[in-house]
Enquirer: 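Just passing along the structure, written as structure tokens.
Everything numeric in this text was worked out from a predicted model, so none of it was measured. The basis for the numbers below is simple: all heavy atoms, side chains too, and nothing from hydrogens, waters or symmetry mates.
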Number of protein chains: 4
Amino acid sequence: MVGTDTPRRGRPRSADADEAILAATLAVAGEVGFRSMSMDVVAERAGVSKTTIYRRWSSKEALVLEALRRAINPLDDVDLGSVRADLETYMAELGQRMHHGKMSDLLPHLIDVATQDPQLRCQLDDYVAQRRAPVIAILERGRARGEVRRDVDLALVADVVIGPYVYRRLLTGAPLDGEVAAELLGVVLPGLRPV
Amino acid sequence: MVGTDTPRRGRPRSADADEAILAATLAVAGEVGFRSMSMDVVAERAGVSKTTIYRRWSSKEALVLEALRRAINPLDDVDLGSVRADLETYMAELGQRMHHGKMSDLLPHLIDVATQDPQLRCQLDDYVAQRRAPVIAILERGRARGEVRRDVDLALVADVVIGPYVYRRLLTGAPLDGEVAAELLGVVLPGLRPV
Amino acid sequence: MVGTDTPRRGRPRSADADEAILAATLAVAGEVGFRSMSMDVVAERAGVSKTTIYRRWSSKEALVLEALRRAINPLDDVDLGSVRADLETYMAELGQRMHHGKMSDLLPHLIDVATQDPQLRCQLDDYVAQRRAPVIAILERGRARGEVRRDVDLALVADVVIGPYVYRRLLTGAPLDGEVAAELLGVVLPGLRPV
Amino acid sequence: MVGTDTPRRGRPRSADADEAILAATLAVAGEVGFRSMSMDVVAERAGVSKTTIYRRWSSKEALVLEALRRAINPLDDVDLGSVRADLETYMAELGQRMHHGKMSDLLPHLIDVATQDPQLRCQLDDYVAQRRAPVIAILERGRARGEVRRDVDLALVADVVIGPYVYRRLLTGAPLDGEVAAELLGVVLPGLRPV
DNA sequence: GATTAACCGAGACGGTACGTCACGTCTTTAA
DNA sequence: TTAAAGACGTGACGTACCGTCTCGGTTAATC
């Protein structure tokens with residue numbers, strides 16, 4: 001049985017407020033964009049005071065990041081029996097989200113702010129790890145099946161798969177659809193085969 | 001008559017001011033970061049009025065971008081005779097710059113702003129193309145030498161090489177030193193070989 | 001049964017808390033001034049919660065006013081046998097307190113707030129009456145001795161004596177030391193003599 | 001001919017803005033009271049940004065004080081030929097204003113804030129001096145005519161006249177109408193007569 | 001040489017959002 | 001029922017930065 005370590009004194013923070021704030025954040029941001037979203041408007045929409053927001057999040061960006069993390073469904077960790085099939089599925093989904101997802105719209109902004117805000121940096125790292133995890137899992141299963149060389153650094157391979165998506169999305173604007181994904185795998189997979 | 005398109009009446013713009021502003025931009029940004037850099041401070045440091053700055057650049061970001069382009073030496077397009085050797089050289093240099101360079105410090109910010117500023121978007125695209133060009137050149141030479149399959153999309157391969165750098169730099173913080181670069185090539189190059 | 005009107009149920013109020021709050025009020029106010037004194041700080045200093053304070057006093061000003069009334073010793077009602085001697089003694093003491101006393105430091109603030117708070121207005125009136133009482137007493141004794149005309153309004157005379165102190169203290173900053181007090185009496189007393 | 005000492009560089013401050021701000025201050029304050037008047041509302045009403053206000057006045061109180069000084073017509077320095085007549089006229093007017101004037105409504109507040117704001121303190125002193133000046137002038141003329149003793153401190157007498165008004169207005173609430181004013185003079189004037 | 005057009009510095013300006021503060025109330029658990 | 005702790009709504013505060021505008025004054029090319 002997990003103990004509620006600290007009995008907590010004083011009035012507890014309202015869980016409703018948490019919910020309302022995060023919901024309002026997504027709603028307002030969806031309408032005007034995160035960049036133009038103001039804390040006053042979020043507070044008003046949430047039926048909450050700014051104080052209450054700042055008591056929970058240290059800055060606008062911290063709030064936005066958490067709102068997004070809640071809004072994001074984790075990528076399913078499908079297992080179709082081969083590295084190629086698994087990665088194709090994953091990459092299709094990733095491509096979708098990179099193109100249409102809310103997160104990718106403001107990734108640059110979050111990264112930017114995280115540069116000078118260690119706390120935000122941590123939260124962002126969590127998010128990234130969560131995104132990378134499925135790829136690593138796929139590769140590990142592949143290795144167990146003998147599809148992947150033992151001596152290859154799986155973390156690096158994961159970055160080779162995800163990196164181009166981020167790069168294209170943020171800097172070149174080029175898409176990474178299913179066809180291109182297949183070609184990418186055509187380049188990468190041969191280098192993973194044992195011997 | 002050499003085509004100085006417009007003869008221009010009135011007092012010509014001061015070239016000194018251009019220099020001073022760009023220098024001040026780099027100096028101030030180096031001290032407090034681009035995000036915290038204010039135009040007022042840049043103007044003061046350059047011994048120039050804000051009017052003079054805005055007469056030349058349309059926004060803070062446009063200024064910053066030009067300042068950076070000046071500060072960046074192009075990556076040399078070395079030719080050592082093999083794709084592997086060329087890419088290793090290129091990647092070593094890229095890793096260096098990604099880690100210590102001024103540009104990478106504010107890439108996120110520029111990307112962010114470019115989201116809503118088409119003009120900046122263009123300038124940024126130029127920069128990116130300039131960075132990608134050497135990789136494509138290397139791969140084309142490799143193809144000419146028969147080292148690289150004819151049917152592979154070189155632009156995609158370039159993104160596979162550069163993507164992980166950007167990704168690690170912006171999101172995971174993991175380094176990409178010479179050793180890792182070699183391993184990356186170990187994964188990617190086999191997939192490029194003909195037949 | 002002796003009339004403790006309400007038998008009171010539940011936990012009784014802590015008398016210690018009263019003391020601690022009033023002491024903390026004077027202490028904090030003495031350090032930062034009443035205007036900058038915050039209720040949170042007082043509560044913390046007193047080792048008491050804000051709730052406990054507000055259960056006893058309806059507002060910051062009400063608290064402050066009571067704290068001051070406790071801190072103020074009444075002016076002694078000396079009787080030296082002549083109006084001049086009595087007033088000189090009274091005015092010397094008044095001058096002292098006006099200059100160094102805590103009360104005069106925040107009179108303006110209390111007055112200000114009393115403008116819109118009838119309850120505080122009453123408490124303040126009590127305080128004022130208490131200050132004026134000795135002067136009226138002095139003048140009445142003088143009248144009984146035949147030193148003062150029967151047809152003069154003693155309340156008005158009291159205001160003529162006290163008024164300049166308040167005025168100087170609040171608005172001009174000029175002092176009212178013994179010498180000046182003597183001169184003031186030199187101006188006022190002749191007009192009080194019978195016939 | 002008076003030289004415009006400083007040639008002034010940069011864009012000059014808008015005189016219209018000054019006017020608009022002060023007018024808005026009086027208007028808004030007249031509607032909701034000075035205490036409830038907010039700077040945002042004043043700015044909006046004046047068609048001006050808050051920055052522009054704070055560039056001219058360091059605080060809400062400083063602004064209010066200047067607005068009032070502009071709104072206040074100086075007390076006329078009537079000369080009816082006798083100290084008694086002149087003072088009666090002055091006191092009647094002073095009594096009026098003390099009762100109905102805007103200034104007296106917020107004197108306490110200004111005094112209070114001036115306690116911790118030296119700049120405001122100065123402005124307030126100016127105002128006070130301006131109010132006292134007529135009384136001193138009256139007394140000096142009386143002295144020139146031989147109505148007033150040479151050895152009496154006129155500044156003190158002025159305070160004896162004005163002090164009770166301030167005192168009553170701020171602390172006791174008692175009025176000082178014409179009748180009472182006459183009685184006050186009945187008390188004070190005998191003490192001023194030569195020999 | 002006078003005119004004119006564009007430049008330059010200084011700095012005021014409108015706008016928009018920021019994050020903070022204090023008051024007095026409310027909601028918990030503990031005594 | 002009171003107490004301590006502390007979250008909460010309200011409402012204002014003063015600041016920061018952006019990009020624009022308005023001055024007086026300067027610097028060429030043109031007339």
Enquirer: For C:Ala46, give me all partners under side chain to side chain contact (heavy atoms under 4.5 Å, CB included), at least two apart in sequence or on another chain.
Expert: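 Partners of C:Ala46 under the side chain to side chain contact (heavy atoms under 4.5 Å, CB included) test: C:Ala20, C:Ile21, C:Ala24, C:Val48.
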
Enquirer: Looking at residues at least two apart in the chain, or sitting in another chain, which of them share a side chain to side chain donor-acceptor pair (under 3.5 Å) with C:Asp125?
Expert: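 For C:Asp125, the residues satisfying side chain to side chain donor-acceptor pair (under 3.5 Å) (neighbours in sequence not counted) are C:Arg121.
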
Enquirer: B:Glu66: which residues meet the side chain to side chain contact (heavy atoms under 4.5 Å, CB included) condition with it, sequence neighbours left out?
Expert: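 Only B:Leu22, B:Trp57, B:Arg70 meet the side chain to side chain contact (heavy atoms under 4.5 Å, CB included) criterion with B:Glu66.
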
Enquirer: Between E:dC8 and B:Arg55, is there an OP1 or OP2 to side-chain N/O distance shorter than 4.0 Å?
Expert: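 Yes, because at least one side-chain N or O of B:Arg55 sits under 4.0 Å from OP1 or OP2 of E:dC8.
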
Enquirer: Choosing from E:dG14, F:dC8, E:dG11, which nucleotide comes nearest the side chain of A:Ser14?
Expert: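 Nucleotide nearest to A:Ser14's side chain: F:dC8.
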
Enquirer: Can you check the A:Trp57 CH2 to E:dG19 C1' distance for me, whole Å?
Expert: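 After rounding, the reported distance stands at 16 Å.
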
Enquirer: Distances under 3.5 Å only, N/O to N/O: pair up the protein atoms with those of nucleotides 16-18 of chain E.
Expert:
| residue | atom | partner | partner atom | Å |
| --- | --- | --- | --- | --- |
| E:dC18 | OP2 | A:Met39 | N | 2.7 |

Enquirer: Just wondering, more than 12 heavy atoms not from D:Glu31 lying within 6.0 Å of its CD?
Expert: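 More than 12 within 6.0 Å, yes.
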
Enquirer: Tell me the interatomic distance from D:Ile53, atom CD1, to E:dA12, atom C1', rounded to whole angstroms.
Expert: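 Rounded to whole Å, this separation is 14 Å.
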
Enquirer: With nearest nucleotide decided by heavy atoms, which residue, A:Ala17 or B:Glu61, maps closer to the 5′ end of DNA chain F?
Expert: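 Closest to the 5' end, via its nearest nucleotide, is A:Ala17.
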
Enquirer: Measure the distance from CG on B:Asp16 to C1' on E:dG9 and round it to the nearest whole Å.
Expert: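 Distance check: B:Asp16 CG to E:dG9 C1' gives 15 Å.
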
Enquirer: With sequence neighbours excluded, tell me which residues meet salt bridge (Lys or Arg N to Asp or Glu O under 4.0 Å) with C:Asp40.
Expert: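 Partners of C:Asp40 under the salt bridge (Lys or Arg N to Asp or Glu O under 4.0 Å) test: C:Lys50.
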
Enquirer: With sequence neighbours excluded, tell me which residues meet side chain to side chain donor-acceptor pair (under 3.5 Å) with D:Ser49.
Expert: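 Side chain to side chain donor-acceptor pair (under 3.5 Å) check on D:Ser49 returns D:Thr52.
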
Enquirer: Pick base, sugar-phosphate or nothing for C:Arg56, based on heavy-atom distances below 4.0 Å to the nucleic acid.
Expert: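 Answer is sugar-phosphate: C:Arg56 comes under 4.0 Å of backbone atoms only.
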
Enquirer: Please determine if a side-chain N or O atom of B:Arg13 lies less than 4.0 Å away from the OP1 or OP2 oxygen of E:dC7.
Expert: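 It does, given that an N or O in the side chain of B:Arg13 lies less than 4.0 Å from OP1 or OP2 of E:dC7.
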
Enquirer: On DNA chain E, compare the nucleotides closest to A:Arg11 and B:Asp18; which residue's is nearer the 5' end?
Expert: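 Of the two residues, B:Asp18 wins.
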
Enquirer: Using the side-chain heavy atoms of A:Ser59, tell me which of these nucleotides is nearest: E:dC26, E:dG19, E:dC8.
Expert: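 Shortest atom-to-atom distance from the side chain points to E:dG19.
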
